[in-house]
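Here the structure is laid out as structure tokens; the discussion comes afterwards.
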Amino acid sequence: MLYRSLGILLLGAGSTLWSSFASAQESMHGMMMPMMRAETIKAPLLPHGAVLQEIAKLANQSKQANLFKADVIAAPVETEFVAGKKTTVWAYNGSVPGSLIEVNEGDTVEIRFINQLPQPTTIHWHGLPIPPEQDGNPMDPVLPGTEHSYRFTLPEGSAGTYWYHPHPHEYTAEQVYKGLAAPFIVRAKNDPLKNIPERNLMISDLKLNSDATIANNDGNDWMNGREGQFVLVNGQYQPVVEVKGTERWRIWNATSARYLNLSLGGRKFTLVGADGGLLEKPVRDLQKLLLAPAERAEIIVDATGQEGNVSLVAEPYNRGKMGHVAAEKSINIAAVSLLAGQSIAIPDTLRKIDDLGEAKATKKMVFSEAMSMANGQHSMLFLINGKSFDMHRVDFTSRIHETELWEIVNNSDMDHPFHIHGTQFQVVETELNGIRTPAPYKAWKDTVNARPGETVRIKMRQDFPGLRMLHCHILEHEVQGMMAIQLVE
């Protein structure tokens, strides 16, 4: 089986608060463990240079119009992607990343989920506007050896680039770094870019021991977020991509902590979509695009007039990692051949995005970090509004269908990507060092980065009653308490 992997991590900050500590928290499942130095692992050799493969689509078992029906199985799978060495991954339907689910606006989706893992798990439908009871909350675990059915209908206007991954309490980070994640695309009834050929790029990373087994988290992973030695596209290491003329790329940052500061050898491209689908207007002539963990984007790459061999690169981005960590460096993700071909024009308007209107309530959510010396041991705490996650506590209460203005405040020393379940929001502005900057374009988002000392203001509305999760999408931080619950009533 061709190995394809989901994301793992990296995160941090060069904090004066933590500068005296050389390594990270070794804490999991709420336990305080001693600080320890990060492991040094000799990486095995991974094959590279193959042509980029498409992610296989999950077949629709239904013959009924507007109904997508399928089985998704989470199970350990043994594969060989280092010659002569076996690796056990956890996979959806036997591949990592899992199969692409592709549906249309207005479709009903029925998934029979079968858990063959040794741990409880769920499926979280990241970014989709669906009821809480169908969204794989950690309070709704699917136990080992059991199954659960998810059913939801996707409204018009929900076209976008989404994904699905586990969200069980305490186990999310491990299940993701072992391979559980997959893309989910909702197609629009009226897509102004439907005549442009598409390419899917699900970017992840992978951390292996020298014997090709998946490495456990070390102390540095728990503090700064797990970072694999290998950055992959559709599960392949440094593949080759050939672009002839104009292409539409859907890009997933399916890592858990690596910030992708993407560039294409100085060539220009056009941003046309974000998490929740197309922007209102294209943003042209970009040369870099920063995607925080869990963010997605759609870009148009036009090779004509920009021919040549380049690399898709993740350029250095300083998030201020703590402890003794290597300096940031550029990472070659894929080799790209740009060839002349048919150049397809991009409309000046992609769709109408209505403002959510006047906010009827305000909320403030504060990311912070703290050092604990409980029982004489150093450990880090990742907090929201000064509290660690409690699955039995409601942290925010909102009214259904009511627009709210949220202030996402980062009082920590690290970047943190904010994500909320079940809805898309609109970024209004950011504020850093007293300078307010309006959002550069209109878009629907479900994940947004907050830099240290920054406040991000967003408008959002929840249209289903029940419990919603909101959290940092650095999965090690989420597991260690940087998550909260919103009650919509």
Side-chain angles (χ1 to χ4, degrees), residues 2-11 46 48-56 81 89 92 95-100 126-127 160-165 176-185 198-208 225-241 243 247-265 269 271 273-275 286 288-299 301 310-317 319 328-336 415 417 419 447 449 473-475:
L2 174 66
Y3 178 81
R4 296 172 175 171
S5 171
L6 173 277
I8 332 300
L9 313 102
L10 150 99
L11 167 294
L46 227 61
H48 63 282
V51 173
L52 180 69
Q53 301 297 305
E54 294 183 3
I55 301 172
F81 58 94
V89 299
Y92 290 133
S95 68
V96 183
S99 300
L100 165 66
H126 185 116
T161 303
Y162 306 97
W163 57 308
Y164 58 102
H165 61 80
V176 167
Y177 76 62
K178 286 185 174 179
L180 290 171
F184 192 118
I185 294 174
E198 287 193 26
R199 188 183 299 274
N200 298 325
L201 301 126
M202 195 168 197
I203 300 176
S204 61
D205 57 6
L206 174 69
K207 183 177 181 181
L208 295 177
R226 179 184 175 100
E227 181 182 26
Q229 309 104 321
F230 307 103
V231 177
L232 310 178
V233 186
N234 298 354
Q236 295 173 256
Y237 181 54
Q238 295 184 352
V240 175
V241 178
V243 179
E247 286 191 353
R248 176 184 184 177
W249 289 8
R250 294 180 188 262
I251 305 175
W252 288 258
N253 184 346
T255 74
S256 296
R258 187 186 296 277
Y259 282 61
L260 298 172
N261 191 20
L262 299 174
S263 69
L264 197 58
F269 53 87
L271 178 67
D275 305 334
L286 294 179
K288 290 185 182 180
L289 176 65
L290 179 65
L291 291 182
E295 283 189 302
R296 291 86 64 207
E298 296 180 51
I299 67 171
V301 178
V310 298
S311 292
L312 177 62
V313 173
E315 297 191 3
Y317 175 72
R319 301 181 289 108
E328 297 289 343
K329 62 181 181 179
S330 294
I331 299 171
N332 289 330
I333 296 174
V336 181
D415 285 46
H419 171 58
T447 306
N449 188 50
H473 218 283
I474 308 289
L475 295 186

Response to the item:
Between the CZ atom in Arg250 and the CG atom in Asn200, the distance rounded to the nearest 0.5 Å is 7.0 Å
Discussion item. Classify the ring geometry of His165 against His473: parallel below 30°, tilted from 30° to 60°, perpendicular beyond 60°.
Written reply: perpendicular
Fill in: Asp205 CG to Thr255 OG1 distance, which is reported to the nearest 0.5 Å
5.5 Å
Fill in: Spacing of CG belonging to Asp275 relative to OG1 belonging to Thr447, to within rounding of 0.5 Å
5.0 Å
Worksheet item: Can you say whether the rings of Tyr92 and Tyr164 are parallel (under 30°), tilted (30 to 60°) or perpendicular (over 60°)?
Response: tilted
Worksheet item: Any side-chain heavy atom of Pro293 within less than 4.5 Å of one from Ile474?
Response: yes
Worksheet item: Would you call Val301 and Arg199 a side-chain contact if the rule is heavy atoms closer than 4.5 Å?
Response: no
Fill in: Residue pair Arg258 / Ile331, side-chain heavy-atom distance below 4.5 Å
yes
Worksheet item: Any idea which heavy atoms bring Pro316 and Lys329 closest together, and the distance?
Response: CG-C, 3.8 Å
Worksheet item: Looking only at heavy atoms, which two atoms of Arg296 and Gly127 are closest? And how far apart?
Response: NH2-CA, 4.5 Å
Worksheet item: If you take all heavy atoms of Pro417 and Ala292, which pair is closest and at what distance?
Response: CB-CB, 4.1 Å
Worksheet entry | Shortest non-hydrogen contact from Ala254 toward Ser204 | O-CB, 4.4 Å
Worksheet item: Looking at Pro183 and Met202, what are the two nearest heavy atoms and their distance?
Response: CD-SD, 3.6 Å
Worksheet item: Is the closest side-chain heavy-atom distance between Glu54 and Asn234 below 4.5 Å?
Response: no
Worksheet item: Looking only at atom types and distance, does a side-chain atom of Gln236 sit under 3.5 Å from a main-chain N or O of Gln53, one as donor and one as acceptor?
Response: yes
Worksheet item: With side chains defined as the heavy atoms from C-beta onward, is the minimum distance between Leu46 and Leu208 less than 4.5 Å?
Response: yes
Practice prompt. Scan Leu264, Asn261, Ile299, Leu260 and name whichever one has a side-chain contact (heavy atoms from CB on, under 4.5 Å) with Leu289.
Written response: Ile299
Worksheet, complete the sentence: To the nearest 0.5 Å, atom CD of Glu247 lies from atom CG of Leu201 at 9.0 Å
Practice prompt. Please examine the side chains of Glu298 and Arg248, heavy atoms only from C-beta on, and report whether any two atoms are closer than 4.5 Å.
Written response: yes
Item to complete: Measure the spacing between CG of Leu290 and CG of Leu262 and express it to the nearest 0.5 Å.
Response: 8.0 Å
Worksheet entry | Any side-chain heavy-atom pair of His126 and Tyr162 under 4.5 Å | no
Worksheet item: Going by heavy atoms in the side chains, are Leu291 and Trp252 under 4.5 Å from each other?
Response: no
Fill in: From Asn253 atom CG to Asn449 atom CG, the distance as rounded to the nearest 0.5 Å
10.5 Å
Worksheet item: Shortest non-hydrogen contact from Pro239 to Ile333?
Response: CD-O, 3.4 Å
